[in-house]
Amino acid sequence: MGIRLHNSATRAKEDFAPIDPLNVRMYVCGPTVYDRAHIGNARPVVVFDTLYRLLRHVYGPDHVTYVRNFTDVDDKINATAQARKAAGDARPLEALIRERTEETIGWYHADMDALGALRPDVEPRATDYIGQMVAMIAGLIAGGHAYEKEGHVLFRVRSYAEYGRLSGRSVDDMIAGARVEVAPFKEDPMDFVLWKPSDADLPGWVSPWGRGRPGWHIECSAMAHELLGAEFDIHGGGLDLQFPHHENEIAQSACCGHGFARFWLHNEMLQVEGKKMSKSLGNFFTVRDLLDQGVPGEVIRMVFLGTHYGKPMDWTAEKAVEAEMRLHGFLELIGLYGDLQQAKTLAPEPAVIDALSDDLNTHAALMVLQKLNGADQANALARNLEFLGIYSWETLETKVANFRGSQIRLQEIAAVLLQVREVAKAQKNFTAFDALKQRITTANIAVMIGKDGITLRPEIDMDLTKLADL
RNA sequence: GGCGGGUUGGCGGAGAGGUUACGUACCGGAUUGCAAAUCCGUGUAGACCGGUUCGAUUCCGGUACCCGCCUCCA
């Protein structure tokens, strides 16, 4: 079974065939690096990481190029830097901007690594591609698709007949909506900025139109073209980017004669406890907030994979708890029966590949894991957990080693407990036994009394130090 | 106003025109000094109104409600 993907451009599920199977190319809009990534930012990262893993599996790890940019020129970044300068920092604005983007990229990497997301093959920064943007803008002007006015360069939307096709909007309808800012230098209300002037307090680059900085949309067009060529396979991003960002990318690139992306994939939005996440509602939080609260990255990933990327997803604390329970069960099976050396030699389960190949049906893939768990297939379970990016081999090895290391100690404690129980039964007085059992329980170890004796089962946050004297 | 998504059992959440989703919770049983955990098992569905069909939760049409985008938020 080949890969099928829902293409936003055609609104249909289509067979995916790469332009060049030896180099499958995907571009995903990355973050504007002005602050910590919030939980919603993480959804496309996990979605497209999963697709990346599937493509690498099908076409070979060396035959996929995944590009995700960093937008490091942006008014919010400028604002942060200017605020620091106003607060008394004497360094030049450029240094403050650089510092801000550097630290934000570092945070982003750390947070997304925690979610098990592989680093893309290329992570271009917009500021490293200003020359390509200027060249593209110049080409658009030469072709009659853009014009300069008062230091701005604007894209002439009416020059591109297909404008609005991706998002299913007509230019006339949008103008009727009248929520478009009409700057005096625009020929048409829908025209958007390719280049804008920078005064001395803002970062800027020399250009044929004076010192200035690029508009947001041209960045992705220029970087995708430079790194992936005039035509490539997949362009991804959040649904909120479909309009105007992706629509504008298409217009710019198409008017430069680029074929641009053949497949467009959009993930639906994430909500929190049934509502849109926003600072005013108090349900706004970052990935780092969750990690710091003790919600592990693999739990966040499990929750994400539970809902198809094309559907709105609700983040709730309850889902996180449930995901953690399931992972705990998986780990126990692997801890008890897994052989990770053996597991590494296995191929991912065909049912998992089939599920992902069907427009990234991650939920179905998780159901396969559930079945493997139910069938005590510890090695296959480990292999597929790794394939889906839920656990790395390193993490699994550590967890299994800890589990097995603790097993010996747990057996010793179980022997003590069993002795106490024999005494209790003989004397028909269970007070001492219950007290000891309680101690073990508070160390986050489940006590299971069966006819074959006593088994102790460690919880995820077991604390053996509390039982050091036993 | 324009465009799009959704509505499934207590909760989360899929697929499939007719056969058990699955997980979790609840209930019953086994087990236990009592529990917990574990194992086994039962039950609980598909917003509403029409249509197509031998048969629809699954296809088509309509209604209601919820949500998102149209504002350089993924």
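Here is the naming used below: chain letters follow the sequence lines, and residue numbers restart at 1 for every chain. Keep in mind the model is a prediction, meaning the values are calculated, not measured.
For the pair A/His246 NE2 and B/G4 P, the interatomic distance rounds to 19 Å; values are reported in whole Å. The distance from atom NE2 of A/His266 to atom P of B/C69 is 14 Å, rounded to the nearest whole Å. Computed from coordinates, the A/Leu333 CG to B/U38 C1' distance equals 14 Å when rounded to whole Å. The NZ-P distance, from A/Lys437 to B/A37, rounds to 12 Å in whole Å. The distance between atom NE2 of A/His328 and atom P of B/U24, rounded to the nearest whole Å, is 13 Å. Rounded to an integer number of Å, the gap from NZ of A/Lys428 to C1' of B/C34 is 14 Å. In this structure, A/Leu239 places its CG atom 12 Å from C1' of B/C67, rounding to the nearest Å. Taking atom CD of residue A/Glu247 and atom C1' of nucleotide B/C70, one finds them 12 Å apart after rounding to whole Å.
No donor-acceptor distance shorter than 3.5 angstrom exists from the side chain of A/Thr307 to the backbone of A/Val303, with no hydrogens or angles considered.
Within 4.0 Å (heavy atoms only), A/Lys425 reaches sugar-phosphate atoms of the nucleic acid but no base atom. Nucleic acid contact class of A/Gln242 (heavy atoms, under 4.0 Å, all strands): none. Nucleic acid contact class of A/Phe192 (heavy atoms, under 4.0 Å, all strands): none.
Using cut-offs of 30° and 60° on the angle between ring planes, the pair A/Tyr160 and A/Tyr163 is perpendicular.
The aromatic ring centres of A/Phe284 and A/His38 sit less than 6.0 Å apart.
A search for side chain to side chain donor-acceptor pair (under 3.5 Å) contacts involving A/Arg301 returns A/Asp49, not counting sequence neighbours.
Nucleotides B/C22 and B/A16 place their C1' atoms 15 Å apart, quoted to the nearest Å. Of the P atoms belonging to B/C59 and B/U8, the separation is 15 Å, rounded to the nearest Å. To the nearest whole angstrom, the two P atoms, one in B/G15 and one in B/C73, are 31 Å apart. For the P atom pair drawn from B/G10 and B/C54, the interatomic distance equals 33 Å after rounding to whole Å. B/A14 and B/C27: their C1' atoms are spaced 25 Å apart (whole Å).
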For residues 106-124 of chain A, dump all side-chain donor-acceptor pairs below 3.5 Å to protein atoms at least two apart in sequence or in another chain.
from: A/His109; atom 1: NE2; to: A/Glu123; atom 2: OE1; distance (Å): 2.8
from: A/His109; atom 1: NE2; to: A/Glu123; atom 2: OE2; distance (Å): 3.1
from: A/Asp111; atom 1: OD1; to: A/Arg36; atom 2: NH1; distance (Å): 3.2
from: A/Asp111; atom 1: OD1; to: A/Arg288; atom 2: NE; distance (Å): 3.1
from: A/Asp111; atom 1: OD1; to: A/Arg288; atom 2: NH2; distance (Å): 2.8
from: A/Asp111; atom 1: OD2; to: A/Arg36; atom 2: NH1; distance (Å): 3.0
from: A/Asp113; atom 1: OD1; to: A/Arg119; atom 2: NE; distance (Å): 3.0
from: A/Asp113; atom 1: OD2; to: A/Arg119; atom 2: NH2; distance (Å): 2.8
from: A/Asp121; atom 1: OD1; to: A/Tyr52; atom 2: OH; distance (Å): 3.1
from: A/Asp121; atom 1: OD2; to: A/Tyr52; atom 2: OH; distance (Å): 2.9
from: A/Asp121; atom 1: OD2; to: A/Tyr66; atom 2: N; distance (Å): 2.8
from: A/Glu123; atom 1: OE2; to: A/Arg68; atom 2: NH2; distance (Å): 3.3

Contacts table for residues 290-298 of chain A: side-chain donor-acceptor under 3.5 angstrom, sequence neighbours left out:
none

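With hydrogens and angles left out, the side chain of A/Asp434 and the base of B/G33 share a donor-acceptor pair within 3.5 Å.
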Contact letters for nucleotides 10-16 of chain B, in which S counts primed atoms plus P, OP1 and OP2 and B counts the base, heavy atoms under 4.0 Å = -SSSSS-
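Of the charged side-chain nitrogens involved, none lies within less than 4.0 Å of a carboxylate oxygen, so that A/Asp191 and A/Arg158 do not count as a salt-bridged pair. With respect to A/Lys319 and A/Glu322, no salt bridge is recorded, no charged nitrogen being found less than 4.0 Å from a carboxylate O.
For B/G10, the base adopts the anti conformation, since its glycosidic angle falls more than 90 degrees from zero.
Mapping A/Gln271 and A/Arg11 onto RNA chain B by nearest heavy atom places A/Arg11 closer to the 5' end of the strand.
The side chain of A/Phe243 approaches B/U71 more closely than any other nucleotide in the set B/A25, B/C73, B/U71.
Counting only N and O atoms by type, the side chains of A/Ser357 and A/Asp354 include no donor and acceptor under 3.5 Å apart.
At B/G33, one or more side-chain N or O atoms of A/Arg421 fall inside 4.0 Å of OP1 or OP2 (strictly under the cut-off).
Residues in residues 211-224 of chain A take part in these salt bridge (charged side-chain N to carboxylate O under 4.0 Å, His left out) pairs, two or more places apart or across chains: A/Asp75-A/Arg213.
In RNA chain B, runs of at least 3 stacked Watson-Crick or G-U pairs (N1-N3 plus N6-O4 or O6-N4, or N1-O2 plus O6-N3, all under 3.5 Å) give these stems: B:1-7 with B:64-70, B:10-12 with B:22-24, B:27-30 with B:38-41, B:47-51 with B:59-63.
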